[in-house]
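The block underneath contains the structure these notes are about, expressed in structure tokens.
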Amino acid sequence: MFFIKIRNTFVWNMNFSKEIKGWFARHKRDLPWRTQNDPYQIWLSEIILQQTRVAQGLPYFLKYIEKYPTIKDFANADLDEVLRIWQGLGYYSRARNMHFAAQQIMNEFGGEFPRTYKELIQLKGVGAYTAAAIASIAYDEKVAVVDGNVYRVLSRYFNDATPIDSSEGVKLFQKLANELIEKENPGDHNQALMEIGALVCTPKNPDCENCPLSSSCEGFNKNTFSNLPVKSKKVKVSERYFTFLHFECKGKIWIQKREAKDIWNGLFQLPMIETDQKMNFQDLKKHEIIESNNVKSIEYRTSLVHKLTHQKIFADFYFVELGNFKENNTYQLIDKIDLDNYALPKLIVNYLEVSNC
DNA sequence: AAAACGGGGCC
DNA sequence: GGCCCAGTTTT
């Protein structure tokens, strides 16, 4: 036990780092990316786990490692295939950025995975958190990670209500994290802090009884922990109206690749019309997409509401019977059975399921 | 500095 | 229905 200097005051501390590393050794979860120190696998796991729970990301990690055992395999992969494997995980720019970063490693780093924080952060999709995670876990560099878990644990431990989504908060908690880490097993230190956040110092009903930090935790001792951490911003949810057209004939179907700087960039969808309010059937019938094709009938199928963090999407689905498929620059005509080969938004997957396709 | 970017689990 | 998850990039 000794004192450390934090925020210009001396705080009683029982060697914070040793304590959490000891706890980690006893309580860490058995996770596949913890069985080795391959920077490629560490990187893959870190990208997958951004804004994603371990339980959700785990099967994706296994799929990628099996499909692409090395960074070289990943770099040589087709982006559409990488996205297809990513299907359902969300934040698809992560997959596109990984593919880009893999080629950066092959071209700019001679196929050798970068070894330092400074180099790692140059990779696309690798920010301060991920660079610190890889550098500390794979290469024992003493750099502190600050993720959602660390914000929660430290804001409670120091009873600090500085908003974590303010630039001041980002700097403050990075500074605190930097002061706590030691050169001895920095990777374990970082993982320990996150593991405590994930398993003990949870957002709701934290298990302070079994927390190795509770005796010196100000948030616990002052009973303020349930109000920490503080976030200042509110997310605003926009409402969008999508009308999807299911053109199908003799086992063929039209799909379209999304390439705008928008949701689902790089994924495939059914031909779609976006309107600023729910589209009525009369407007649909006289829409250019319908008028310019040999349409025999239009049949309403179903409506789905797709709720996301920043968007609430109201989707209507129509089955359109065609006399024939006309040549078209915006849509691709594929065998319906091949839909499995394309990365589709979960909304489309849901539609195909409920409509028994 | 703020907004955009998915999907799922928990309460 | 709101919050949050091993955050980063773009505006």
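Residue numbers begin at 1 in each chain, while the letters A, B, ... track the order of the sequences. We use all heavy atoms of the structure for the numbers below, so side chains are in, but hydrogens, waters and symmetry mates are not.
- Under 4.0 angstrom from either OP1 or OP2 of C/dT11 there lies at least one side-chain N or O belonging to A/K261.
- Residue A/K233 places at least one side-chain N or O under 4.0 Å from the OP1 or OP2 atom of B/dA2.
- Nucleotides of DNA chain B nearest to A/K234 and A/L89 differ in position, and the one nearer the 5' end is that of A/K234.
- In this structure, the separation between CG on A/L58 and OG on A/S45 is 10.5 Å, given to the nearest 0.5 Å.
- Under the salt bridge (Lys or Arg N to Asp or Glu O under 4.0 Å) criterion, A/E299 pairs with A/R301, sequence neighbours left out.
- Residue-to-nucleotide contacts include no donor-acceptor pair under 3.5 Å from the side chain of A/R94 to the base of C/dA6.
- Of the residues in residues 308-318 of chain A, A/L308, A/T309, A/H310, A/Q311 come within less than 4.0 Å of DNA chain B through at least one heavy atom, sorted by number.
- Between A/G125 and A/S45, the one whose closest nucleotide on DNA chain C sits nearer the 5' end is A/S45.
- Between A/L270 and A/Y351, the closest side-chain pair of non-hydrogen atoms falls below 4.5 Å.
- Considering only heavy atoms from C-beta on, A/F247 stays 4.5 Å or farther from A/F319 through its side chain.
- In this structure, the ring of A/F61 has its center less than 6.0 angstrom from the ring center of A/W33.
- When the side-chain nitrogen and oxygen atoms of A/H306 are compared with OP1 and OP2 of B/dG7, one or more of them lie within a distance under 4.0 Å.
- Comment: A/K257 engages A/D80 in a salt bridge, judged by a side-chain N to carboxylate O separation of less than 4.0 angstrom.
- In this structure, A/K278 fails the cation-pi test against A/Y241, since its NZ or CZ atom is not both closer than 6.0 Å to the six-membered ring centre and inside 45 degrees of the ring normal.
- Rounding to whole angstrom units, CD1 of residue A/I263 and P of B/dA4 are separated by 12 Å.
- Residue order along DNA chain C, read from the 5' end via each residue's closest nucleotide, puts A/K231 first among A/K231 and A/N97.
- Straight-line distance from the CG atom of A/L344 to the P atom of B/dG7: 11 Å, rounded to whole Å.
- The phosphate of C/dC5 has neither OP1 nor OP2 within less than 4.0 Å of any side-chain N or O from A/Q51.
- For C/dT9, the OP1/OP2 oxygens have no side-chain nitrogen or oxygen of A/R96 closer than 4.0 Å.
- Counting to the nearest Å, the P atom of C/dG7 and the CZ atom of A/R53 are 11 Å from each other.
- To the nearest angstrom, P of C/dC4 lies 11 Å from CG of A/L228.
- Side chain A/T52 to base B/dG6: a donor-acceptor pair is found below 3.5 Å.
- We find that CD of A/Q56 is positioned 13 Å from P of B/dG6, with the value rounded to whole Å.
- With hydrogens and angles ignored, a donor-acceptor pair closer than 3.5 Å exists between the side chain of A/Y91 and the base of B/dG6.
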